[in-house]
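First up is the structure itself, then whatever we jot down about it.
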Amino acid sequence: MTPGPASGTAVAAGARTVDRAAAGDGAVENLLELRSIRAGYDRIDVLFGVDLEVPRGSVVALLGPNGAGKSTLLRVAAGLHLPSSGDVVVAGRRVNGVPAADLARAGLCLIPEGRGVFPNLTVRENLRMMTHVGCGFDEVEEEAYHRFPRLRERRRQTAGTLSGGEQQMLAMARGLATRPALLLLDELSMGLAPIIVEELYALVAQIAQAGVSILVVEQFAGVVLGVADQAAIMINGRVARTGSPSELETELSGAYLGA
């Protein structure tokens, strides 16, 4: 039987389910399942029956050219865009129509394209915004500085004056402060120097090793395939191919060049 739309009570139960899954008790195999997702804007379809799974504790790379629908699919998964049909399943629970804020409380964190930090607040003030999960601010701040020592040096600086790489570090630190079970990353490398991108993806690998499931959208495949367990190629609103990074390596040039 297909479960119905999640209510507020169901979301609370879903939060506990995500927590159990993140703890590795074997409750669910896939922390995220997108089943036959169709979605678009106004009357224009962007996604055409997309199926995708993110197993617990794994990194799944979603690749493809601009306009393939990758960011729209992340917005659907995060509860920011309602699909016209299909199911979004988090930790075994159908969550279509559940507000994004409730999904965030249930352990799902989206770090959007463009970083999404508060530019007029300092680094410390940005981090302080994430203490709603029950952690003390000192713990959140110290963890952020441990992962990103550069933020300690910039802690009294407004986020809007940071470099692009530093802003992405701050966005990552804020996201990790929510203690997510499922992390959605959109174009982590956008506008960043290669050395910063490598540093950030090394952190992505560490996060996955700690048991967090990760779905990462990337236009540039090079670095992300080095940390991904699985990859999917998306073209024109459809998943054209899924498999291991090594299996898909020979097909990626065709995906980007339109072959």
Side-chain angles (χ1 to χ4, degrees), residues 6 8 10-25 27-28 30-32 54 56-60 71 74-81 88-93 95 98-119 121-148 151-152 155 159 162 166-188 200-201 203-217:
V11 170
R16 293 190 292 272
T17 302
V18 172
D19 289 342
R20 288 197 301 271
D25 66 357
V28 292
N30 296 318
L31 211 53
L32 174 66
V54 180
R56 184 177 60 216
S58 69
V59 178
V60 176
S71 294
L74 275 197
R75 289 177 56 82
V76 169
L80 296 172
H81 193 87
V88 180
V89 179
V90 176
R93 187 173 296 275
V95 296
V98 173
D102 289 336
L103 290 178
R105 294 187 187 97
L108 189 153
C109 176
L110 169 66
I111 298 179
E113 179 183 345
R115 285 108 204 193
V117 299
F118 297 97
L121 299 182
T122 66
V123 168
R124 295 188 77 242
E125 290 167 340
N126 267 272
L127 294 173
R128 187 177 292 275
M129 299 295 289
M130 308 314 293
T131 57
H132 68 276
V133 294
C135 301
F137 174 62
D138 290 343
E139 181 183 353
V140 168
E141 190 176 21
E142 196 54 43
E143 182 176 310
Y145 299 156
H146 174 73
R147 290 187 184 275
F148 304 102
L151 294 182
R152 186 187 299 275
R155 60 187 181 277
L162 299 176
E166 290 164 348
Q167 288 186 26
Q168 192 65 279
M169 291 176 188
L170 178 57
M172 290 282 286
R174 292 176 68 244
L176 293 173
T178 68
R179 303 297 190 266
L182 176 60
L183 189 60
L184 308 176
L185 301 173
D186 196 1
E187 299 287 3
L188 190 63
L200 290 173
Y201 272 110
L203 176 61
V204 168
Q206 294 173 15
I207 296 167
Q209 289 172 0
V212 178
S213 302
I214 300 173
L215 175 60
V216 53
V217 162

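All of these numbers come straight from a predicted model, not from anything done at the bench.
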- [ ] Given side chain to side chain contact (heavy atoms under 4.5 Å, CB included), test Asp186 with Ile111 step by step and report yes or no.
- [x] CA-CA 6 Å; Asp186 196 1; Ile111 298 179; over 6 Å; no
Task: Worked verdict on Tyr201 versus Gln206 for side chain to side chain contact (heavy atoms under 4.5 Å, CB included) - done: CA-CA 9 Å; Tyr201 272 110; Gln206 294 173 15; over 6 Å; no
Open item on the list: Leu74 vs Leu110, test: side chain to side chain contact (heavy atoms under 4.5 Å, CB included). Steps then yes/no.
Closed with: CA-CA 8 Å; Leu74 275 197; Leu110 169 66; 4.2 Å; yes
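With Tyr145 as the partner, the side chain to side chain donor-acceptor pair (under 3.5 Å) test is satisfied by one option alone out of Arg147, Glu142, Glu141: Glu141.
Distance CG/Leu182 to CG/Asn30: 11.0 Å, rounded to 0.5 Å. How far CG of Leu80 is from CG of Leu103: 8.5 Å, rounded to the nearest 0.5 Å. For the atom pair CD1 of Ile207 and CG of Leu200, the computed distance is 9.5 Å after rounding to the nearest 0.5 Å. Note that CD of Glu125 and CG of Leu127 are 10.0 Å apart. Values are rounded to the nearest 0.5 Å. Once rounded to the nearest 0.5 Å, the distance linking CG of Leu203 with CE of Met172 reads 4.5 Å. Interatomic distance, Leu108 CG to Thr178 OG1, rounded to the nearest 0.5 Å: 9.0 Å.
Here the closest heavy-atom approach between residue Ala181 and residue Leu31 is recorded as O-CD2, 3.1 Å. Taking every heavy atom of both residues into account, Pro180 and Gly175 meet most closely at CD-O, 3.5 Å. Nearest heavy atom pair, residue Ala159 against residue Leu170, reads CB-CD2, 3.8 Å. Leu151 and Ala173 make their closest contact through CD1-CB, 4.1 Å (heavy atoms, listed as atom of the first residue, atom of the second, distance).
Listed by chain and number, the residues in a side-chain hydrogen bond (donor to acceptor under 3.5 Å, both in side chains) with Glu166 are Arg154, Ser163 (sequence neighbours excluded). Contacts of Arg155 classified as salt bridge (Lys or Arg N to Asp or Glu O under 4.0 Å), with partners at least two apart in sequence or in another chain: none.
Side-chain contact between Phe148 and Glu143 is absent, with no heavy atoms from C-beta onward closer than 4.5 Å. Ile214 is listed as a side-chain neighbour of Val212, based on a closest heavy-atom distance under 4.5 Å. Residues Val89 and Leu32 are not in side-chain contact: their nearest non-hydrogen atoms beyond the backbone lie 4.5 Å or more apart. Proximity of Val217 to Leu185: side-chain heavy atoms (C-beta onward) are nowhere separated by under 4.5 Å.
Between the side chain of Glu187 and the backbone N or O of Glu113, no donor-acceptor pair lies under 3.5 Å. Without hydrogens or angle criteria, Asp102 side chain to Val98 main chain gives no donor-acceptor distance under 3.5 Å. Ser213 places no side-chain N or O within donor-acceptor distance of the main-chain N or O of Val54, the cut-off being under 3.5 Å.
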